[in-house]
Structure formats: C-alpha cells, structure tokens
Amino acid sequence: MSPNLELHQVNSLERAAYTTLYLLQELQSSSTQVSAMTGAINSTNAKTPGDGGEITNSLPSLMGVNDSELNGVIIEKSRFLMKLAPRIRRLESDTSKCLVGKLEELLACIRDDMMEDSEDDADSKNALSRKKDRKEQMLLMIGNCLRGLALLGKGVDAESSFARVAIMPIIRSKLSMGKLDEGGSRGECAGLFFLLDDIANTVASVYGSLLRSSEGMFAHDAAATNGKYSSSMEVDLIVSGVWVPVATALMTDPGIKTAIFSPGIANVLQANYSALDTFLSELASNLLKTPTTDDANEEKSSVESVELGDFSHLYYQPAITPITIDHAQSRLYSHPTTIEFSKKWNLPIYYQLRFAEFCGRLDKALTRVCSEGWEADVFTGEERDNKAIRDQVGFELAIFVELYDILTSMWKSNVFLRPLTHRFLRGAVQLVGRLLAFIKEGMDGNIEFGGNKETTELNTESEGEGESTETVMGIPTYHWNQRVEDLAIVSWELTILDTCMTHDYLDVVAKTVCPVDSESIKSTHNSSSELEEIRSLSSDVLFESSRDISPLIEHSWNKLIVDNLISQCCVPLSAVKGVAATYRMTNRPPPTQASPFVATILRPLKEFDTTYSSRTPPQIGDGWKYQVIGTVADRYSVAVEELIATVKRTEEALKSRKTRRMMAGGMSDGEKVKLQLYLDHMEFKSHVEELDVDVERVAGLVKLRDLTQEAESLFEQTQKS
C-alpha cells in the first residue's frame, strides 16, 4: 500500500470518528428531549389515590403520544434515530476497533524501524531522508488514531495499546534480576539507577516525538484553582502509557519486588528509594525533552526544501513548555498507581534501622565517657567532619561533636528520605534528650566516672602459649558533678548546643527539607508557601527540644559550681581562729601585713574565673560570682565576729584579775589581734575587687568592715610610728 493511500485511510478513520460522535450526540439529544416530553405528559395523566384512581408504574412510551400534542418533527427524528441506534453503536465499536488496530500497527512499525536503525547505522543520506519522511508520516497517522479514539471516549484503549505494544517490550528486554544487581553483590540493586535511566532514555529516543505530539494535542497549559493542575486528559501516554507499565512491572515480579522494596538493609533500601524517586521526578522532563541540535538542523533543512514539494514545515509541531512538563509531572504524582507504588515502601522499618544505628553510636560514646571522663575521644565519624564541626560550630568535647555529627548525618543524601521528615525530626529531639538525661543524672550524682572498666582476653594458638587476660586500669572513680572544671566545660557545650539547634542545625534541616536550588526543588513536590510552613514547623520542633537545656546550664552554674567553689574557698577560714593564738602571751610586735591564709581564700575562685571567664554562658552573667563571694564573706565575717567576742572575753578576764600587761609597742594582745583582723579584711577586700565585684553589694564585706573598724585607729598609729 502506498504511503499516501495509507495516510488517507487513517484520515478517513478519524473522520469516521467525528461522524460517529455526531450521531451519538444526536441520539443522546433526541433521547433526552423525548424523555422530557413523555415525562411531562405522564405526570399530567397520572392519578393520585385521593382522586379515587389507580397508580400506574408503566414506563414512558411514544405509542400513546399524539403528534398533535408534540412537535412532530422531533418525534419523527427520534423514532428514526432510535431505529438506527443499534447500527450507530455498531459503527462506534467498529470504528474504535479499526483505530486501535491501526494504532498498534503503527506503533509496531516504529519499534521495528528503530531496531533496524540500531542494527545498521551506515545508511545513505537518501535512506535517512526516506526514513525521516516515513517517521513523520507515521506520527501524522498516529495523531489521527489518537484524536479519533479521544473523540469516542476511548482514550484508555489508546493508552493500553501504547503500553502493551510500545513500552512493555522495552521493559521486558531491560528489567531482570541480573541487570538489577549489575555492578554490585546480589541483593544490593546496584544497577537499579542505571536500569531506570536506560529505560527512560530508550523510551525517549524511540517514542519521544510521539509523546511530545500527544502531550501537545491533549494537555492544557492553563492551571486550575490554587495553582493545581487538572489531572484529566483524553489520552495520557506519559502517565498511563509509560509510568504505569514500569511501576506495574516493578510491583508485580516477586523477586524484583522483594529486592527493591524489602531488601532488609538500610543502605540498599535508601538507595533504591532515591533511584526511583529521582526517576519519577525527572520522568516527564526526560520523555518530553526537545530534540538535539542535529535534529533541529535536519528539520530546518527540510523546511528549506519546500521548492521540492516538502511541506513538512506546515505540519503540526507540539509546543512543549516548562508549564507543559510541570503539568505532566503533576499528573504523575497524583495518579493512583503512584500512590499505590509509594505504599510498597516499608519506610517505618527503614527509620527503625537508621535510628538504631544513631542510638548505638551515642550509647557507645556515653559508655566510653563514663569510663574515661568527658575528655574521652569518642568521635567515630570522618576527620574532616570532626574538624568542620569544631571550627564552624565551636564544640570542644568529643561527645558533643559525636552527637552533632549523628544529628547532621540524619539529613545526608544517602540517609534522609523525605516522607520520613517528621520521624527524623522526632529522632533528633530524642537523641538530644538522651544526652541531656545523661548529663542531668550526672549532675544529680547518680553516675560514676572512671574505675576498672575494661578486661580484654587474648587468645593465642601458638605452640607453648595459652590463654591470657589483660586488665586495663581506668581512672579513679569520681562523680563529675564535684568537679567545677567538668561542670563549666559541659555547661559551655550545652550553651553551644542550645544555640546551634535553632540556628546551624535548623539550617541543615531546612536545606534538606526545603531546598532553594532549582534542581532539588523539582523533587520536593511542594509549593513555596508549603516549604516555608515546613521550615517554620521544623523551627518550632527544634526550639522545643532546646528548652530543657537552659535549666541544666543554670543549675550547673548557680547551684553546683557555686557550691563547689564555696566549699573550696571556705577551707582556709579555719585559720581565722589561729590569729588569737599567734599573739596571746607571745610578746610579738604588732602586725604589719595580712595573714598568709587570706590570699588563699579566693584563690580557687580566681583561678576558675581566669580559666572559664570566656566560657561563661551569657544568660548566667556574674550573679554566680556574687553568690560565691557573698557566702564566703558571710562565713568569714561570722568567724571574725566569734574571734573578736572571744578576745573581748579574754581581755575582760585578764582585767578582772589585774594581770593585764602592756606588751611591746604599747598594745595589748587583744589589740594586736584586732589589728591583724583589720589587715586581713583589707587584704580580702582587695582580692574581691580584683574579681570585678562591687564590694558594696557584698553584705559580708560590709559586716567585716564594721567589725574591724575599731582597729583602724591602731593601724594609723602603727603607720605613724
């Protein structure tokens, strides 16, 4: 059969579809008009029980209708069309069968021609031109078939024929367990990404022109309400013709289904999901991509040969725009097969496997911290991540670096799955809570650090050697809540964690869940407002998780550190009682400088403040320092007050016995003691001022001044002499 004759025949089939559609519409219209008229007549003739008549349930009929009562032309036309109704239905069926048969024949021809082209690439220029003309003619005829079937409402038949004749042979030739595992071990599905990419490229190369033509004919660029695209199309070859067969093949074969959806290994399942998610997100753009430069040049040269009778430039050319591709992608995501396909993934099990890995890393790190202390090197990630976290975030302790590395690894491309966003957020909150609970138990004194924790068995099979054991001696047992250094550094790390959870870590989460680059946005399937809402919700969740950090920091500084420093600073105060013994009945000269113990009272506080002043959390301020100095000054003043009272009682006793003697310098022993206390007070006051503390705000210092003020005149007297 000549090509022109075949083209005319297919054109005739499309015209037959138009004729059939017209007849069907006329038949439907006539039936509707007659039903309306007969219904009105029957309703007026019906009797009600109240009139004493009988109710009839007979169907409407044209036999009881007089032409004088109705429009005679409508009745005659309706009677004629009703007689032709069986023939019209038969015409509809035959036309549909002819269109489907011709469509399948043309699709098979395209497939066979492509196979011949792949076997023989050395065709002459004339042969290539003839093949190109033949291909364009087949596209025209396929367009006739598709439009004809769409007119008759048989778009599903066109889609199923395209899937069966065009796509399924490609899938069967490329999809197998061998190709699925190509490049890796059995069960790893290492070849899935390349397999899916090969299928998409093959379909695009063989049927790309047909898919673009179909999409241009039946798709509509206009968006529906609220920015949503309409999912209805008369013929949808992208979704029902390509994606549905691929998804069905992956879900139907038992071996392939198990290998892809239930591999039992977290890394494999994540790689499979990512490969299929990438394939689906790029399917519309890959299938509808425009021809290459060479093809465009060929089309241009064919246009220039119009003087030779080539009018191909006048043929319909589909306009595939980004809106068209977005429309097709939207239909892919909203199709029931896609929803069913997504339900095949056992994502909760994947999350449990991943979360078990995260918890295992953190638990091992905490176990080592218990054995070796907070300075233990527990980081198990990559060294570049270790350096980046320390430099950019500011963590110093390895346990916090390990925690942050675990938290950020949850959002890496080889771990994160978008449908599990809420679970990963919850997991991050739980991991932070696990560390906070560990710290709180330590602050309460319920966790012991150090001790003999490790016993290693060494088995040797060499001749003459037996089993031996090696015990690794750990650090001495202690409670870290009694070490101000540990409390300060842990509190500072908590301060950094509190800040980064709502800033640095939020940025990590947002960049993964709400990407800003154009390539990543394509696979998120969310509008800009939805992405902003997701970011806001993530921020709220992370903010809630960090609310338990501040109370720990405040308790550490305002209670534990303060109590520890007070205990250390108050130890030298026991030497206050020895001041009286220094001058009683010793004939020593009056004192000229403070007692040696005074310089040691605030030494622990000064050393601590020097070391950790730059690591004091901003919300703490200097209130803790006033608490320490105030309590120490109060106890110091009490000790001085008791000593002065004792000295006075002693002086009164000596005076009553008239045994009081004036010692060297004209001062009594009691006056020398008071002068020493005055010098000690002045020395203590100077140390307080070195800590940038307002002495007037320290009640104990004011009391000390009042207690020793009496000796000020004695001090002036010694200065003059």
Side-chain angles (χ1 to χ4, degrees), residues 366 369-370 372-376 394-400 403 432 435-450 475-499 546-574 599-636 684 687-695 697-701:
L366 293 178
V369 168
C370 286
E372 305 173 23
W374 286 109
E375 299 295 333
F395 287 122
E396 297 179 10
L397 295 180
I399 179 62
F400 283 87
L403 172 66
V432 173
L435 180 61
L436 296 182
F438 176 81
I439 294 174
K440 186 176 186 303
E441 289 182 10
M443 288 183 177
D444 295 339
N446 298 327
I447 296 180
E448 263 189 356
F449 279 14
I475 59 179
T477 302
Y478 69 96
H479 290 89
W480 69 271
N481 66 331
Q482 298 175 359
R483 295 188 175 186
V484 290
E485 296 81 6
D486 285 354
L487 290 168
I489 190 64
V490 170
S491 297
W492 180 245
E493 298 290 284
L494 287 175
T495 304
I496 298 175
L497 180 63
D498 187 14
T499 303
S546 63
R547 293 181 63 180
D548 296 332
I549 298 178
S550 293
L552 292 178
I553 299 173
E554 294 175 0
H555 178 69
S556 176
W557 278 85
N558 296 331
K559 175 63 179 173
L560 300 178
I561 292 179
V562 166
D563 290 349
N564 274 273
L565 290 175
I566 289 174
S567 299
Q568 296 180 45
C569 293
C570 287
V571 171
L573 294 181
S574 59
T600 65
I601 296 176
L602 295 180
R603 182 178 296 168
L605 175 59
K606 294 172 70 175
E607 292 176 350
F608 178 82
D609 186 53
T610 302
T611 305
Y612 297 101
S613 60
S614 60
R615 301 178 186 177
T616 304
Q619 66 268 35
I620 297 300
D622 57 359
W624 65 277
K625 198 183 301 184
Y626 277 93
Q627 290 185 56
V628 175
I629 295 175
T631 304
V632 173
D634 288 340
R635 295 183 183 180
Y636 189 13
F684 181 73
H687 287 296
V688 172
E689 291 174 343
E690 290 177 2
L691 290 167
D692 296 328
V693 171
D694 185 3
V695 294
R697 293 175 54 187
V698 182
L701 275 174

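Since this is a predicted model, take the numbers as computed values, not measurements.
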| request: Without swapping roles, check the side chain of Ser574 against the backbone of Val571 for a donor-acceptor pair under 3.5 Å. | output: yes

| query | Which value, rounded to the nearest 0.5 Å, describes the distance between Leu436 atom CG and Asp548 atom CG? | reply | 6.5 Å

| Main-chain N/O of Leu560 paired to Asn564 side chain as donor or acceptor, under 3.5 Å | yes

| Where the side chain of Tyr636 meets the backbone of Leu701, is there a donor-acceptor pair that is under 3.5 Å apart? | no

| request: Could you please spell out the steps behind the side chain to side chain contact (heavy atoms under 4.5 Å, CB included) verdict for Asp622 and Val693? | output: CA-CA 9 Å; Asp622 57 359; Val693 171; over 6 Å; no

| Contacts of Trp624 that satisfy ring pair (Phe, Tyr, Trp, His ring centres under 6.0 Å) - sequence neighbours left out | Trp557, Phe608

| Do other residues, nucleotides or ligands put more than 12 heavy atoms under 6.0 Å from the CD atom of Glu375? | no

| query | Atom CG in Leu691, atom CG in Leu605: separation rounded to 0.5 Å? | reply | 5.0 Å

| field | Close aromatic pair by centroid cut-off 6.0 Å: Phe449 and Trp374 | value | yes

| task | Could you grab the distance from atom CH2 of Trp480 to atom CG of Leu487, nearest 0.5 Å is fine? | result | 5.5 Å

| query | Can you find a pair of side-chain heavy atoms, one from Glu607 and one from Gln568, that are under 4.5 Å apart? | reply | no

| task | Given side chain to side chain contact (heavy atoms under 4.5 Å, CB included), test Ile601 with Leu573 step by step and report yes or no. | result | CA-CA 7 Å; Ile601 296 176; Leu573 294 181; 3.7 Å; yes

| task | Search all heavy atoms of Ser614 against all heavy atoms of Trp492 and return the closest pair with its distance. | result | O-CH2, 4.0 Å

| remark: So OG1 of Thr499 and CG of Leu494: to nearest 0.5 Å the spacing works out to 10.5 Å

| request: Determine yes or no for a side-chain-to-main-chain donor-acceptor pair under 3.5 angstrom, with Glu493 supplying the side chain and Leu397 the backbone. | output: yes

| N/O donor-acceptor pair under 3.5 Å between Ser556 side chain and Leu552 backbone | no

